[in-house]
> 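Quick one: structure below, then a few questions.
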Amino acid sequence: MSDPGNVRVRFAPAPTGYLHVGGARTALFNWLYARHHGGTFVLRIEDTDAARSRGEWIVGIQDTLRWLGLDWDEGPYLQGDRLDRYAAAAGRLLQSGRAYECFCTPEEVKARGDAAMKAGRPPGYDGRCRDLTDAQRAERVSEGRPRSVRFRTPDTGVSTFTDLVRGEVTVEWSTVSDFVIVRSDSSPVFFLANAVDDAEMEITHVIRGEDLLDSTHRVLALRNALGYTAPLEFGHLPLLVGADRAKLSKRHGAVALEDFRDRGYLPDALVNYLALLGWAPADGREVLTKDEVVAEFDLDRVTHSAAFFDYKKLDWLNGEYIRALPLDGLAAQIFDAATARWGDRVDPASAREVARIGQERAATITALVDMAEFLFVADEEFTPDPIDWGDALAKTERAAAVLDAVIAHLETCEWTVELTDVRPPIEALGIKPRKVMPLLYTAVEGRRSGLPLFDAIHLLGRQRSVARLTAARDRVGSDPESPAS
RNA sequence: GCCCCCAUCGUCUAGUGGCCCAGGACGCCGCCCUUUCAAGGCGGUAACGGGGAUUCGAACUCCCCUGGGGGCACCA
């Protein structure tokens, strides 16, 4: 649109776990950037860490992206299929002297790094193998020492690049130590594979988390050493943080996207919410369709500071989406979710009624299904929440009389929603209906809140409703008289 | 420890020198509506971290401090 060039972006997750909100947000922003600019969205799986990568995660990540509606135009490319390219690139770097063989073990490097840090020096690689002679190298090889390849970073000067969201970022090369690009088992490390792939896949814009900001200098140096000259721009997104303001990670409150699906969130609502984390449209709208976000999205409106994932706001937004859903669609979702829980006790017509009656009141699909539990659960398994029941009973005067009156009414009334309104018989006792509602809700629906009571009773049917109220009446009777009266 | 990034209501944000004694949204509080609870309507509470500098004038520019975060792996 505003940039008709051939934008090519990629989402490049490591298949070392499920996709969490941070990763999903990165994927989304890449997708948005591609769609806004009419570009190409590439999916690339960075599985160069064989020890941690798992095939099932490769599948899981794709499932999640599909669920969110983030379709990719190319890929998934697996780095595991491209190892020869990385080896060739490493060979070139070795050849040109931009990289060198390193015979230090990870343990040695770590130990020396720790010692350096204690002594107040930078903990990075100390350059021990930087300038080995041929003879020294031969000696180490003959000793059978492990051999990795390290990239030689410049000794002096500065590295500067212009970040699309943050502006100019500069670092002194003296603070960037040499880093491994090929492991001693000859597998490539992230930096190498990343640089090679971004070049060969003709990526034009790298959009990723701010935790990768510092590594950009290394990637740029690598690209340079490899002779890649095509322009590549970077944009670093603010991190998503937990309640403690620390980066979200799997062991730190990061929730798998699948959990959102299981908990009844709508993908469009989640996408909408995620888009608002670090970005806002110029006009301040909060509820936006994907197309609207695509139309407005660009990196120059991405914010700079970390954002906290606020479930309260997501709940509100998800509720907006549920309320906006066509009844048929909501009914189908309720039916599916309820069937998953109660099997063939669930019928489409009832599910549709639940959807119709509950649509206005639920924040999530799951919450709505929970409201239908009283209806679909087997009668012998129906147990009112003991806490709700106790609270309601304690606050209800003349509970026994109320229940008797309601039961009598329901046993004889015509079975319409209008007539399952149980207020008249309660009023006839000289009691305000609102005072006894919690008790009746709990008796019929098992909890103090849920679907509107008269609809619930009507849906449940005369026999089941009366049975539950009678059971409640029995419980009251066994109490040593209504406590509050 | 060193390097980098960041800094507006509790939270997500608008704001790019005067329109801002700072706007919106979520949350929270109150009222209304009402079949308890929600939803909805109305109203309210609440922020430019501190100090300098530039300027007739700073939330917006610069510097310092403070605070927060990230990075410094044969993880990505």
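Quick note on labels: first sequence line is chain A, next is B, and so on, each numbered from 1.
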> Under 4.0 Å, heavy atoms only, any strand: does A:R285 hit a base, just the sugar-phosphate, or nothing?
nothing
> Is A:L212 touching bases, backbone alone, or none of the nucleic acid, heavy atoms closer than 4.0 Å?
base
> Quick one: on RNA chain B, does A:L451 or A:R218 contact a more 5' nucleotide (nearest heavy atom)?
A:L451
> From C-beta outward on A:D214, which listed nucleotide comes closest to its side chain: B:U36, B:C4, B:C26?
B:C4
> To the nearest angstrom, how far is A:K313 atom NZ from B:U13 atom P?
9 Å
> For the C1' atoms, the ones on B:G71 and on B:A38, what distance do you get once it is rounded to whole angstrom?
46 Å
> Work out how far the C1' atom of B:C19 is from that of B:C60, and round it to whole angstrom.
14 Å
> For the backbone of A:F454 and the side chain of A:T420, can you confirm whether one donor and one acceptor N or O come within less than 3.5 Å of each other?
yes
> When all nucleic acid strands are considered with a 4.0 Å heavy-atom cut-off, which category describes A:T303: base, sugar-phosphate, or nothing?
sugar-phosphate
> Rounding to a whole Å, what distance do you find between A:N318:CG and B:A38:C1'?
15 Å
> Classify the nucleic acid contact of A:G450 as base, sugar-phosphate or nothing, counting any heavy atom under 4.0 Å across all strands shown.
base
> So which atom in A:F382 and which in A:T442 form the shortest heavy-atom distance, rounded to 0.1 Å?
CZ-O, 4.2 Å
> Using the P atom in both, what is the distance from B:A59 to B:A53, to the nearest Å?
15 Å
> Which part of the nucleic acid does A:S215 contact within heavy-atom distance under 4.0 Å: base, sugar-phosphate only, or nothing?
nothing
> Specify the separation, in whole Å, of atom CZ of A:F179 and atom C1' of B:G71.
14 Å
> Are any of the side-chain nitrogens in A:D385 or A:R448 under 4.0 Å away from the carboxylate oxygens of its partner?
no
> Ignoring the backbone of A:E286, work out which of B:G24, B:A39, B:C26 is nearest its side chain.
B:G24
> Output the rounded distance in Å from CZ (A:R208) to C1' (B:A76).
10 Å
> Is the NZ or CZ atom of A:R150 both under 6.0 Å from the centre of the six-membered ring of A:Y125 and within 45° of that ring's axis?
yes
> Identify whether the distance between the nearest side-chain nitrogen and carboxylate oxygen of A:E200 and A:R85 falls below 4.0 Å.
yes
